[in-house]
Each structure stands twice: as C-alpha cells, then as structure tokens.
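Worksheet: the structure to be examined is printed underneath.
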Amino acid sequence: MGVALLSAQRSKDNNTQVGACIVSPENKILSMGYNGMPTGCDDDRMPWDRIGDPLDTKYLYVCHAELNAILNYNGGSGSLRGARIYTTLFPCNECTKAIIQAGIKEVIYYSDKYSRTDSTIAAKRMYDMVGIKYRPYTIEDKNIELKL
C-alpha cells in the first residue's frame, strides 16, 4: 500500500489523488499508476474542476489509477492473472471491468469513501459475481519484516 500511496502523490488532481500498485502472488511489484490525464495531454491545459459543464470538468478526461496501473504493465508475454492490486480508493465500476478482464484476483483498498454510490455498488456486485476478493487494508498488512 505504501507504493500506492506514494504513486498517488504524482497526481496533479488537487481534490482526489489516487494511486495503485499491482503485485504478483509472490509480492513482486508488477506495475503502478495514479489518476491523471492520458499521455500527451498537457496537465496544465486540461480541466481539473469537479463541477460545471461536463466538458469543463476532469471526469470525461482523467484515467484512473487502477486503469493506468493495468495499462502501464509491461510484462512482455506475462500477464496480470492471479495478481493483487493495492489501491488508495475503492475502484469504480469502469476500473473494476478492467481489473476483471486483466485477471486480477484480489483488491486491497485504503479508502471506500464512495461506498454508497452506484458505481461502487456495481463494482462490488461484479467482484462478487466473478469471485474476486476485496478487502480494506489493515494493520496486519503493515507487518512486514525489514532486514537491514
């Protein structure tokens, strides 16, 4: 989760910075992502507003952290099947579709602040339907032994 939190800091979104980190079943980092504009779209020229005309807000343009992590994966002939994704915010329904298609088997999230929205409810329905586990990040997850 630390890598996901660090990735989130790269986002230019002043309201919601989200990061994601995909790891193999052996806990090897496979890919990372954060919410931001598509490659080549100038962050300084794109809208970051949350309200207003839809074409003048971020929602029609931003790539979410989870989708970016999937798209950033460069595993050659390998795949993300069986991997886990750590994300700072519970994935929306659109990212959930990509997570399912990529073969990711578990979602560990830091915050579920939109749990009552249709997007999150739909995401959880899809995860339940296909058997993908999802759970909050807990203190037990932090118990990693460091060897110095």
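The first residue of the sequence shown is numbered 1, and numbering continues consecutively from there. These numbers come from a predicted model, not from an experiment.
For Met32, the CE atom sits in a loose shell: 12 or fewer heavy atoms of surrounding residues, nucleotides or ligands are nearer than 6.0 Å. Around CG of Asn14, the count of heavy atoms belonging to other residues, nucleotides or ligands within 6.0 Å does not exceed 12. Annotation: Asp53, atom CG; neighbour count of heavy atoms from other residues, nucleotides and ligands within 6.0 Å is above 12. When the shell of 6.0 Å around CG of Leu60 is examined, it contains more than 12 heavy atoms from other residues, nucleotides or ligands.
Applying the salt bridge (charged side-chain N to carboxylate O under 4.0 Å, His left out) test to Asp49 and every residue at least two apart in sequence or in another chain returns nothing. Here Gln17 pairs with nothing under the side-chain hydrogen bond (donor to acceptor under 3.5 Å, both in side chains) rule; sequence neighbours left out.
Scanning all heavy atoms of the two residues, the minimum distance from Ala8 to Gly19 falls at CB-N, 3.4 Å. Taking each heavy atom of Asp56 and Pro47 in turn, the nearest pair found is O-CB, 3.3 Å. Between Tyr110 and Met1, the shortest heavy-atom contact is N-CE, 3.7 Å.
In this structure, the side chain of Thr117 engages the main chain of Tyr114 through a donor-acceptor pair within 3.5 Å. Checked by atom type and distance alone, the side chain of Trp48 never pairs as donor or acceptor with a backbone atom of Asn15 at under 3.5 Å. Of the possible polar contacts, none joining the Asn93 side chain to the Ala123 backbone as a donor-acceptor pair under 3.5 Å is found. In this structure, the side chain of Ser7 engages the main chain of Val3 through a donor-acceptor pair within 3.5 Å. No donor-acceptor pair under 3.5 Å is formed between the side chain of Ser24 and the backbone N or O of Ala83. Although no hydrogens or angles enter the test, the distance criterion places no donor-acceptor pair under 3.5 Å between the side chain of Ser11 and the main chain of Gly36.
The cationic group of Lys124 lies under 6.0 Å from the six-membered ring centre of Phe90 and within 45° of the ring axis, placing it in a cation-pi geometry.
Rounded to the nearest 0.5 angstrom, Thr87 OG1 and Ile108 CD1 are separated by 10.0 Å. One finds the NZ atom of Lys105 at 6.0 Å from the CD1 atom of Ile132 (value rounded to the nearest 0.5 Å). Rounded to the nearest 0.5 Å, atoms SG (Cys92) and NE2 (His64) are 5.0 Å apart. To the nearest 0.5 angstrom, Glu66 atom CD is 8.5 Å from Asn35 atom CG. The distance from the CE atom of Met37 to the OH atom of Tyr61 is 8.5 Å, given to the nearest 0.5 Å.
When hydrophobic clusters are built by joining Ile, Leu, Val, Met, Phe, Trp and Tyr residues whose side-chain heavy atoms come closer than 4.5 Å, directly or via intermediates, Val130 is grouped together with Tyr109.
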